[in-house]
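Values reported hereafter were calculated over all heavy atoms of this structure, with side chains retained and with hydrogens, waters and symmetry mates removed.
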Amino acid sequence: MTDNRSAKGWLKLVLSHSVLLASAVVFLFPFVWMLFGSFKDSLEVVKMPPRLLPSEWKLSNYTQIQTYFPIYKFLFNSLAVSVVSTVLQLLVCAMSAFVFAKIPFKGRDGLFFLFLVTMMIPMQVTLTPLFIVFQKLNLLNTYAGLILPGIFSAYGTFLLRQHMMTVPDSLLEAAYMDGASYYRVFWNVMLPLSKPALATLAIFAFMSSWNNFLWPLIVVSDTNLLTLPVGLSKLQGRWSTEWNILMAGNVISFIPIFVVYLFAQKYFIRGMTLSGIK
Amino acid sequence: MVGHKHWARRTAAFVLLLPGVSGLLLFQLIPMVSSGYISLTDWDLLTEAEFVGLDNYVQVFQDEKSLMSIKNVFRFIIGYLPLVLVFGLLFAVLLNRKMRGVKLYRAIVFIPVITSWIAVSIVWKWILNGKSGLLNYVLSLAGIEGPVWLQDFFWAMPAVIMVTVWKDAGFVAIILLAGLQDISEDYYEAAHLDGAGSTYRFFNITLPLLTPALFFVITISLINAFQLFDQVMILTNGGPAGSTSTLVEQVYKNAFQNHKMGFAAAQSWVLFLIIFAVTYLQYQLQKRWVTYDR
């Protein structure tokens with residue numbers, strides 16, 4: 001009986017491993033293929049039958065790409081936009097969330113409800129007027145134009161508020177008793193206590209800003225201000241056959257988000273699940 | 001003293017809310033309201049907008065491209081949703097097992113999720129290439145002649161579906177994994193004592209208790225599916241012959257390439273109403289299949 005069970009257990013284990021291993025290959029292979037492709041020359045990259053490894057490792061794709069598109073400028077733009085909008089989003093959301101969680105005033109719940117409502121507005125509906133607002137404010141083709149819409153997140157406010165509600169009032173009261181102002185309590189007590197929630201939001205904000213396509217596509221036309229996704233999409237439009245160059249561009253856009261992922265993986269998966277269902 | 005504190009509290013609330021609320025007004029509510037107005041006008045951004053009432057909405061439902069894009073989105077969902085749920089559930093169950101290397105597998109399954117749609121689409125466009133694509137080469141080894149995936153009127157949408165399932169399966173799996181880990185061991189122990197087999201346990205314990213997580217995933221996936229855009233722009237640009245054209249792509253092209261602002265706004269409202277209706281319907285139907293009692 002026990003023997004039988006463990007044999008079945010082994011079979012299950014082997015089966016699970018083989019399914020997962022096969023899937024891991026399917027999930028990873030396009031990235032591996034992209035990486036090796038970025039070192040091939042323009043003929044080898046489309047050669048049939050294909051070879052995984054380049055016969056000669058060419059670094060030139062990574063330098064040549066610059067002569068057609070300022071890809072390293074795009075990289076800088078993407079990094080600058082993502083980092084600045086992430087930091088500002090955390091600050092703005094935390095400020096609002098603190099009020100919604102801990103500073104009662106008349107009409108607060110109504111205002112919070114309004115925040116929740118905006119979460120349901122799809123981006124496409126506000127797209128055209130938003131473009132016009134930015135045009136009126138003279139923010140087309142500016143960094144501010146790229147960054148500003150990413151700062152205000154009802155979702156982020158909601159996430160942080162949920163966390164801040166769990167911080168006991170007595171902790172804050174003690175600080176107020178000592179004569180600390182609301183701002184001081186926010187900065188010196190609430191923010192440090194909210195680190196895990198802030199970290200979760202930071203990862204989300206960074207990822208969505210880094211991968212954002214539709215808004216930068218609309219707000220920026222000046223080549224020097226393009227972010228990586230838009231830059232890459234224009235690159236592929238013009239260089240539809242030079243896959244080696246395109247793959248070099250792809251690798252450049254993949255590395256930063258991959259590094260963030262490696263460092264933040266634990267938060268990433270937990271944050272994804274926590275903010276999802278609960 | 002009390003009065004002062006009251007005053008300080010109101011000031012603090014005002015100051016701390018100022019950026020958040022003004023952002024909300026300027027970038028969400030005002031555009032939302034003006035979008036409603038624009039959709040009732042004929043406007044090319046340059047000349048004065050002309051009020052035309054519901055004309056644009058009537059046109060949306062007479063415009064072949066709009067209708068096709070709506071139809072395409074439903075075609076997409078019919079293919080995409082079952083596949084992503086089945087694979088997501090399979091991975092969630094496997095990744096929930098206590099075995100060596102499971103953390104590494106979890107990390108790998110998630111890598112496509114974090115990568116931008118643009119980078120992913122470009123790689124897949126290369127792999128799906130008709131003549132020199134890797135996929136057709138692999139198929140040829142098995143003696144199958146693959147189609148010119150992205151330029152084939154029939155195969156372009158299945159290709160878009162396949163790539164999207166590949167990218168999203170990890171997301172679905174992670175959410176369902178969290179759901180699985182929420183299920184108390186007690187249920188399984190009780191069933192075990194009753195001599196229930198693993199198939200019985202899966203269908204009578206796991207699946208019913210997982211329905212809230214499934215409901216959540218389906219809601220999110222549907223909302224995302226209706227907003228299909230990034231991958232389509234790169235993979236097919238809506239083609240061939242509009243067979244992968246989507247509503248968001250139509251909104252984008254009409255507003256920013258054809259400068260038909262009013263028409264585009266009306267299309268975006270139609271999209272919103274479809275999403276709203278489907279989500280509402282789903283919420284109504286959830287009573288029939290989602291089990292909340294634990």
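Between A:Ile132 and B:Trp43, the closest side-chain pair of non-hydrogen atoms falls below 4.5 Å. Annotation: side chain of A:Phe100 is in contact with side chain of B:Leu17 (closest heavy-atom distance under 4.5 Å). Within the 4.5 Å cutoff, side-chain heavy atoms of A:Leu20 are placed close to those of B:Met99. Contact annotation: the side chain of A:Ile121 never approaches that of B:Phe272 to less than 4.5 Å [non-hydrogen atoms, C-beta and beyond]. Residues A:Met48 and B:Tyr137 meet the side-chain proximity criterion, which asks for heavy atoms closer than 4.5 Å. Put simply, the side chain of A:Leu214 reaches to within 4.5 Å of the side chain of B:Val248, judged on heavy atoms.
The residue among A:Phe152, A:Phe186, A:Tyr176, A:Trp210 with the most heavy atom pairs within less than 4.5 Å of chain B is A:Phe152. Chain A forms more heavy-atom pairs under 4.5 Å with one residue of B:Val109, B:Val120, B:Leu134, B:Val251 than with any other, namely B:Leu134. Between chain A and the options B:Leu26, B:Ile220, B:Ile275, B:Thr279, heavy-atom pairs under 4.5 Å are most frequent for B:Leu26. Per-residue heavy-atom pair counts under 4.5 Å with chain B were compared for A:Pro129, A:Ala154, A:Pro229, A:Pro149, and the maximum is reached by A:Pro129. Top candidate by heavy-atom pairs under 4.5 Å with chain B, chosen from A:Thr157, A:Leu232, A:Leu262, A:Thr118, is A:Thr118. Comparing A:Thr128, A:Ile218, A:Leu28 by heavy-atom pairs within less than 4.5 Å of chain B, the highest count is held by A:Ile218. With chain B as the partner, the residue from A:Ser23, A:Cys93, A:Gly37, A:Gly249 showing the most heavy-atom pairs under 4.5 Å is A:Ser23. The greatest number of non-hydrogen atom pairs below 4.5 Å with chain A, out of B:Ile122, B:Ile108, B:Leu24, is found for B:Ile122. Note on B:Met261, B:Lys103, B:Gln227: by heavy-atom pairs under 4.5 Å with chain A, the leading option is B:Gln227.
Heavy atoms closer than 4.5 Å to chain A are found in the side chain of B:Leu29, but not in its backbone. Looking at A:Phe206, neither its backbone nor its side chain comes within 4.5 Å of chain B, counting heavy atoms on both sides. With a 4.5 angstrom heavy-atom cutoff, A:Phe131 touches chain B only via side-chain atoms. Interface remark: A:Ile151 contributes no atoms to any contact with chain B (heavy atom separation under 4.5 Å). Using a 4.5 Å cut-off between heavy atoms, A:Gln265 touches chain B through its side chain atoms alone. Of the atoms belonging to B:Val21, heavy atoms from both backbone and side chain fall under 4.5 Å from chain A. Contacts between B:Phe226 and chain A at a heavy-atom distance below 4.5 Å are absent for every atom of the residue. In this structure, chain A has heavy atoms under 4.5 Å from both the backbone and the side chain of B:Thr11. Neither the backbone nor the side chain of B:Ile223 comes within contact range of chain A; no heavy atom of the residue lies under 4.5 Å from a heavy atom of that chain. Only the side chain of B:Tyr252 comes within contact range of chain A, with at least one heavy atom under 4.5 Å from a heavy atom of that chain. Residue A:Val117: no heavy atom, backbone or side chain, is found under 4.5 Å from chain B. When heavy atoms are compared at a cutoff of 4.5 Å, A:Ser16 approaches chain B by way of both its backbone and its side chain. In this structure, the portion of B:Lys131 lying under 4.5 Å from any heavy atom of chain A is its backbone and not its side chain. Heavy atoms closer than 4.5 Å to chain A are found in both the backbone and the side chain of B:Val15. Contacts between B:Arg97 and chain A at a heavy-atom distance below 4.5 Å involve the side chain alone, from C-beta outward. Residue contact with chain B, scored on non-hydrogen atoms closer than 4.5 Å, involves the backbone and the side chain of A:Ile257 alike. Only the side chain of B:Ile38 has a heavy atom closer than 4.5 Å to any heavy atom of chain A. With a 4.5 angstrom heavy-atom cutoff, B:Trp126 touches chain A via backbone and side-chain atoms both. With a 4.5 Å cut-off on non-hydrogen atoms, B:Leu45 touches chain A through its side chain but not through its backbone.
Remark: the backbone N or O of B:Ile114 is paired with a side-chain donor or acceptor of A:Asn211 at under 3.5 angstrom. Judged purely by atom type and a 3.5 angstrom limit, B:Ser35 uses its side chain to pair as donor or acceptor with the backbone of A:Val125. Between the side chain of A:Tyr261 and the backbone N or O of B:Ala107 there is at least one donor-acceptor pair closer than 3.5 Å.
A:Pro30 and B:Val123 get closest at one heavy-atom pair: O-CG1, 3.4 Å. Smallest separation of non-hydrogen atoms from B:Arg9 and A:Ile103: CG-CG2, 3.3 Å. Between A:Tyr182 and B:Ala12 the shortest heavy-atom distance is CB-CB, 3.6 Å. Here the shortest heavy-atom pairing between B:Pro112 and A:Phe31 reads CA-CZ, 4.0 Å.
With rounding to the nearest 0.5 Å, the separation of CE in A:Met34 from CD1 in B:Ile127 is 10.0 Å. To the nearest 0.5 angstrom, A:Phe258 atom CZ is 9.0 Å from B:Thr115 atom OG1. Taking CG of B:Leu271 as the start and CE of A:Met123 as the end, the distance is 13.0 Å to the nearest 0.5 Å. Annotation: the span from B:Ser132 atom OG to A:Leu43 atom CG amounts to 11.5 Å, rounded to 0.5 Å.
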| said: Assess the residue pair B:Ile118 and A:Val230 against the criterion (side chain to side chain contact (heavy atoms under 4.5 Å, CB included)); give the C-alpha distance rounded to whole Å, side-chain angles, the decisive distance to 0.1 Å, and a yes or no. | reply: CA-CA 8 Å; B:Ile118 305 309; A:Val230 184; over 6 Å; no
| task | Applying side chain to side chain contact (heavy atoms under 4.5 Å, CB included), run through B:Gln28 and A:Leu130 and close with a yes or a no. | result | CA-CA 8 Å; B:Gln28 294 273 5; A:Leu130 201 56; over 6 Å; no
| field | Pair A:Ser233-B:Met233, side chain to side chain contact (heavy atoms under 4.5 Å, CB included): steps then yes or no | value | CA-CA 9 Å; A:Ser233 77; B:Met233 277 299 276; over 6 Å; no
| task | Kindly indicate, with the supporting measurements, whether the criterion side chain to side chain contact (heavy atoms under 4.5 Å, CB included) is fulfilled by B:Ser198 and A:Lys12. | result | CA-CA 11 Å; B:Ser198 58; A:Lys12 265 190 175 172; 4.0 Å; yes
| task | Go through the steps for B:Phe27 and A:Phe134 under the test ring pair (Phe, Tyr, Trp, His ring centres under 6.0 Å), then give the verdict. | result | CA-CA 9 Å; B:Phe27 302 129; A:Phe134 276 72; 5.3 Å; yes
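Taking the six-membered ring where tryptophan is involved, the planes of A:His17 and B:Tyr105 are tilted, since the angle between them lies from 30° to 60°. Between A:Phe213 and B:Phe229, the angle of the ring planes lies from 30° to 60°, which puts this pair in the tilted group.
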